[in-house]
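Small disclaimer: the values here were computed from a predicted structure and weren't measured.
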Amino acid sequence: GQCRVPTCGIYSTNDVALTADQMKGSRDFMQAEWKYVEIENCSHWIPLDKPSELASSILQWFNQK
């Protein structure tokens with residue numbers, strides 16, 4: 001199916017569970033706005049590694065709405 005809800009996908013460059021191509025490929029399943037954010041030098045556990053950067057990205061996304 002196709003996602004019909006605006007979505008912000010946040011990816012970490014050192015993720016061992018997900019690749020950038022997989023995350024970017026999520027765009028193919030969207031029928032709504034899709035934004036891709038990449039946080040560098042961060043593991044799969046973004047909230048633990050870079051909480052401020054994650055929060056900033058999320059707030060930017062919601063402030064656009």
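- Side-chain atoms of Met30 and Thr7, non-hydrogen and from C-beta on, do get closer than 4.5 Å to each other.
- Scanning all heavy atoms of the two residues, the minimum distance from Val5 to Ala32 falls at C-CB, 3.5 Å.
- A distance of 10.5 Å separates CD of Glu38 from CG of Asp15, quoted to the nearest 0.5 Å.
- Rounding to the nearest 0.5 Å gives a distance of 7.5 Å between OG of Ser12 and NE2 of His44.
- Residues Ile10 and Ile39 meet the side-chain proximity criterion, which asks for heavy atoms closer than 4.5 Å.
- A pairwise comparison of heavy atoms in Trp34 and Ser26 identifies CH2-CB, 3.7 Å as the closest pair.
- Phe29 pairs by the side chain to side chain contact (heavy atoms under 4.5 Å, CB included) definition with Gln2, not counting sequence neighbours.
- Asn63 contributes atom CG, which lies 12.0 Å from atom CD1 of Ile58 (distance to the nearest 0.5 angstrom).
- Tyr11 contributes no side-chain N or O that, together with a main-chain N or O of Met23, makes up a donor-acceptor pair within less than 3.5 Å.
- The backbone N or O of Thr19 lies less than 3.5 Å from a partner atom in the side chain of Gln22, making a donor-acceptor pair.
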Return a table of donor-acceptor pairs under 3.5 angstrom between the side chains of residues 47-56 and protein atoms on other chains or two or more places apart.
from, atom 1, to, atom 2, distance (Å)
Asp49, OD2, Ser43, N, 2.8
Asp49, OD2, Ser43, OG, 2.4
Lys50, NZ, Glu40, O, 2.9

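- For Tyr36 (side chain) and Arg27 (main-chain N/O), no donor-acceptor pair under 3.5 Å exists by modelled atom type.
- Put simply, the side chain of Cys42 does not reach to within 4.5 Å of the side chain of Asn14, judged on heavy atoms.
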